[in-house]
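Heads up: numbering here begins at 1 and tracks the sequence.
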Amino acid sequence: MRSAVTCFLIAVVGGVVGVGITKSPEIIDKVTAHFNSVGEESAGFWSTPAINGYGKIHYESDAQFQPKADLSNKVVFQITRSEGGMKIPNLGLERVARVVNLYVAAGVPLDRLHFVVSVTGDATPAMLNNQQFRRLYGFDNPSLKLIQALNDAGVKVTVCDQSVAFHHFKHDWIDRSVVHALSSPTTVSTLENQGYALLQM
């Protein structure tokens with residue numbers, strides 16, 4: 001009797017799990033479609049006021065915790081991951097551009113921003129110059145235009161030389177728009193000791 005009840009319960013549980021697994025592609029498709037839908041957005045809903053074409057924002061002037069020009073506005077961004085594939089700009093850099101755009105939209109002038117980007121780990125290949133990137137991946141480095149746009153806005157983009165060495169990259173393979181730093185940990189700790197806020201991107 002016990003074995004029959006056990007078999008019955010296993011069959012019921014198995015059926016429920018089976019239905020869940022069978023339906024999961026439909027659920028995933030619905031969620032993906034929702035987040036990929038464009039929706040009814042008016043012209044000007046998204047903007048890139050400081051880093052043109054990168055880090056789009058939707059600014060709300062009545063939102064709380066707005067950046068202020070009279071604060072120190074010292075931020076070090078640490079980027080450790082390669083996300084979204086190699087054929088698009090590094091998503092961590094996109095997030096930095098978004099923060100710059102938000103500060104500028106809130107009325108903080110670019111010359112009041114003290115932003116440093118510290119790139120390390122899996123994000124390091126995004127710092128390669130076009131020649132070396134093309135040699136390794138077969139196409140131009142899509143992050144270089146964004147790095148230049150950040151530089152033009154006064155954002156200093158740095159690379160961890162320890163990570164450069166671990167990737168077996170040569171020093172001069174890194175694009176000239178990127179500053180060589182001893183390491184990402186020492187960059188972050190040094191800047192935090194100088195009053196910079198750390199944002200992990």
Practice prompt. In plain terms, say whether Arg81 and Asp122 are close enough for a salt bridge, that is, a side-chain N and a carboxylate O under 4.0 Å apart.
Written response: no
Practice prompt. Answer yes or no: is there a donor N or O on one side and an acceptor on the other, between the side chain of Arg112 and the main chain of Ala69, under 3.5 Å?
Written response: yes
Discussion item. Counting C-beta onward and ignoring hydrogens, is there a side-chain heavy-atom pair between Val159 and Thr120 closer than 4.5 Å?
Written reply: no
Worksheet item: Passes side-chain hydrogen bond (donor to acceptor under 3.5 Å, both in side chains), Gln78 versus Ser184? Steps please.
Response: CA-CA 8 Å; Gln78 189 175 53; Ser184 183; 2.7 Å; yes
Worksheet entry | Hydrophobic cluster identity match, Leu93 and Phe169, side-chain contacts under 4.5 Å | yes
Fill in: Polar contact flag, side-chain donor to acceptor under 3.5 angstrom, Ser163-Thr124
yes
Worksheet item: Distance-only, no hydrogens or angles: does the Asn151 side chain make a donor-acceptor pair with backbone N or O of Ser177 under 3.5 Å?
Response: yes
Discussion item. Any side-chain to backbone donor/acceptor pair from His114 onto Asn73? Under 3.5 Å, distance only.
Written reply: no
Item to complete: Test side-chain hydrogen bond (donor to acceptor under 3.5 Å, both in side chains) on Thr186 and Ser183 and set out the steps.
Response: CA-CA 5 Å; Thr186 55; Ser183 75; 2.6 Å; yes
Fill in: Side-chain H-bond candidate by donor/acceptor type, Tyr59 with Gln66, under 3.5 Å
yes
Practice prompt. Give the C-alpha distance, both sets of side-chain angles, the deciding distance and a yes or no for side chain to side chain contact (heavy atoms under 4.5 Å, CB included) between Leu146 and Ile51.
Written response: CA-CA 8 Å; Leu146 175 49; Ile51 311 294; 4.0 Å; yes
Fill in: Within 6.0 Å of CG in Asp152, more than 12 heavy atoms from elsewhere
yes
Worksheet item: Just by distance, do the side chain of His167 and the backbone of Pro125 share a donor-acceptor pair under 3.5 Å?
Response: no
Practice prompt. Tell me whether the guanidinium CZ or amine NZ of Lys87 lies under 6.0 angstrom from the six-membered ring centre of Phe139 and within 45° of its axis.
Written response: yes
Worksheet item: Under the 3.5 angstrom rule, does the side chain of Asn129 hit a backbone N or O of Gln132 as a donor-acceptor pair?
Response: yes
Fill in: Glu192/Lys74 ion pair, N-O < 4.0 Å
no
Discussion item. Closer than 3.5 angstrom, by distance alone: can the side chain of Asp161 be matched with the main-chain N or O of Val164 as a donor-acceptor pair?
Written reply: no
Worksheet item: So, Gln162 side chain and Leu182 main chain: donor-acceptor pair closer than 3.5 Å or not?
Response: yes
Worksheet item: Okay, side chain of Asn101, backbone of Ser47: is any donor-acceptor separation there less than 3.5 Å?
Response: no
Practice prompt. Would you confirm whether Asn141, through its side chain, and Ala126, through its main-chain N or O, come within 3.5 Å as a donor-acceptor pair?
Written response: yes
